[in-house]
Protein chains: 2
Amino acid sequence: MKHEDSHQHSQQDSHQHSHHNHNDCIDTALETAETLCAEQGQRLTKVRRRALELIWESHRPLGAYQLLAKLAEEGFNSAPPTVYRALDFLLGAGLIHKVESMNAYLGCAHADKAHKGYFLICDECHNVMEFDYQDIHAALIEKAAHQGFELRAETIELTGLCAKCKAKKVGASA
Amino acid sequence: MKHEDSHQHSQQDSHQHSHHNHNDCIDTALETAETLCAEQGQRLTKVRRRALELIWESHRPLGAYQLLAKLAEEGFNSAPPTVYRALDFLLGAGLIHKVESMNAYLGCAHADKAHKGYFLICDECHNVMEFDYQDIHAALIEKAAHQGFELRAETIELTGLCAKCKAKKVGASA
DNA sequence: ACAATTTTGTTATGATATAACAAGTAAAAC
DNA sequence: GTTTTACTTGTTATATCATAACAAAATTGT
Ligand SMILES: [Zn+2]
Ligand SMILES: [Zn+2]
Ligand SMILES: [Zn+2]
Ligand SMILES: [Zn+2]
């Protein structure tokens with residue numbers, strides 16, 4: 001299985017354009033998940049574990065029904081509640097994020113530290129990169145507070161053209 | 001018809017908590033819509049105009065099918081494409097915003113100046129307040145550019161507790 | 001009037017998500 | 001180690017959100 005791909009899930013990290021072995025990411029994510037669940041007395045059951053793995057194996061955010069199909073292939077129950085329950089669990093545990101503007105789900109590489117998911121979504125290749133920006137987070141909290149609003153959750157989804165696709169376009173027109 | 005409500009659509013404005021006559025907002029929004037459409041050679045047809053009006057008359061973001069039902073009551077065609085076409089038109093003209101995390105649509109009080117819709121969404125009362133924050137916009141553009149990403153659109157939806165609901169809670173517990 | 005363009009009507013279907021209740025399974029209490 | 005309890009999964013049905021495809025009607029430009 002090759003994983004020399006354009007998958008990106010950096011948090012202001014620098015390896016965002018490197019060809020890395022995605023299997024390592026998956027392994028790390030799964031280990032983190034095991035640890036976190038154990039710590040919090042949560043049960044990472046077979047279907048939940050496999051769902052998380054399948055989400056990670058995808059290089060783009062995965063739709064609920066895409067995930068359901070994959071689970072069904074492997075003998076899991078194929079009714080929608082199966083997948084939505086798994087997703088709810090994983091979301092609650094902070095192991096995945098939902099990309100609202102895509103109705104799709106993405107593994108979080110930093111599940112161990114509580115944070116909001118901020119995303120850069122490419123219109124062309126549909127890759128999604130998670131990024132962290134404490135400045136923006138602080139500014140949003142302050143801004144909301146200024147209006148008497150107590151912030152709980154943030155949906156920050158930016159779409160546009162990623163570096164790779166921009167380069168590709170320039171190359172094509174040149 | 002009373003409009004002494006908690007409707008809010010400030011853009012960093014100060015009347016966000018005032019009891020204002022919402023009819024004025026609607027009238028202004030409709031006039032702006034007429035003007036903008038005329039300027040751009042767009043046709044604000046009956047169903048589009050009425051859809052916009054109904055969205056404004058609602059004090060919260062309105063779902064597509066809620067809007068469809070209202071339109072149907074008034075004799076408009078009651079099939080989904082009717083409402084989605086109207087919504088597409090209004091979105092394209094910048095007259096409304098879609099709140100992705102709610103799958104609902106909201107009138108924009110500043111359709112005349114191009115901008116991104118940033119929202120504060122109350123978990124309790126489900127009121128939505130649009131706000132403008134040039135600082136954040138600039139920071140996001142810069143941040144994205146720093147990663148080689150060319151920003152096109154932004155989905156910024158913040159949820160939490162609005163000032164009113166927070167006050168209500170304090171009152172209840174006191 | 002005619003042709004071209006845009007808008008609307010109509011039917012069907014796709015895509016996303018939840019409600020409700022029964023059955024099974026694992027943890028905790030005894 | 002059996003009972004009780006809480007949690008998890010199975011199952012059926014339905015709710016909610018959105019688009020495809022093509023026909024008919026209305027508007028616009030000539
Ligand atoms: Zn994350
Ligand atoms: Zn791209
Ligand atoms: Zn706006
Ligand atoms: Zn509120």
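The sequence lines fix the lettering, A, B, ..., with proteins before strands; numbering per chain opens at 1. Quick caveat: nothing in here was measured; it's all calculated off a predicted structure.
Within the 4.0 angstrom heavy-atom criterion, no nucleotide atom of any strand lies near Phe76(A). Across all strands shown, Phe89(A) has no heavy atoms under 4.0 Å from either base or sugar-phosphate atoms. Lys46(A) comes within 4.0 angstrom of no nucleic acid atom, judged by non-hydrogen atoms across all strands.
Ion pair Glu53(A)/Lys46(A) not flagged as a salt bridge, since none of the NZ, NE, NH1 or NH2 atoms sits closer than 4.0 Å to an Asp/Glu carboxylate oxygen. At a threshold of 4.0 Å, the pair Arg49(A)-Glu34(A) counts as salt-bridged, since one of the basic side-chain nitrogens sits closer than that to a carboxylate oxygen.
For the side-chain hydrogen bond (donor to acceptor under 3.5 Å, both in side chains) with His115(B), the qualifying choice from His110(B), His97(B), Glu154(B) is His97(B), the only one to do so.
For Tyr84(B) and dG14(C), the shortest distance from a side-chain N or O to OP1 or OP2 is not below 4.0 Å. Residue Lys98(A) has a polar side-chain atom (N or O) positioned under 4.0 Å from OP1 or OP2 of dA17(C).
The two residues Leu68(B) and Ala79(B) come nearest to each other via the heavy atoms CD1-O, 3.6 Å.
Remark: P of dA18(D) and CE of Met102(B) are 12 Å apart, rounded to the nearest angstrom. Residue Arg85(B) contributes atom CZ, which lies 10 Å from atom C1' of dT19(D) at whole-angstrom precision. Following rounding to the nearest Å, Leu71(B) (CG) and dT7(C) (P) show an atom-to-atom distance of 17 Å. Spacing between atom CZ of Arg50(A) and atom P of dT9(D) amounts to 16 Å, rounded to whole angstrom units. Rounding to whole angstrom units, CG of residue Asp88(A) and P of dC7(D) are separated by 16 Å. Distance Arg48(B) CZ to dT27(D) P: 12 Å, rounded to the nearest Å. The interatomic distance linking Asn103(B) (CG) with dT16(D) (C1') rounds to 9 Å, in whole Å. Atom pair Arg49(A):CZ and dT8(D):C1' shows a separation of 18 Å (rounding to whole Å applied).
Looking at the side chain of Pro81(B), the nearest of the listed nucleotides dT19(D), dT11(D), dA17(C) is dT19(D).
Of the N and O atoms on the side chains of Ser101(A) and Glu157(A), at least one donor lies less than 3.5 Å from an acceptor on the other residue.
Residue side chain Tyr65(A) reaches the base of dA17(C) through a donor-acceptor N/O pair under 3.5 Å, judged by distance alone.
Each of Asn77(B) and Arg43(B) was assigned the nucleotide of DNA chain C with the nearest heavy atom; the assignment lying further toward the 5' end belongs to Arg43(B).
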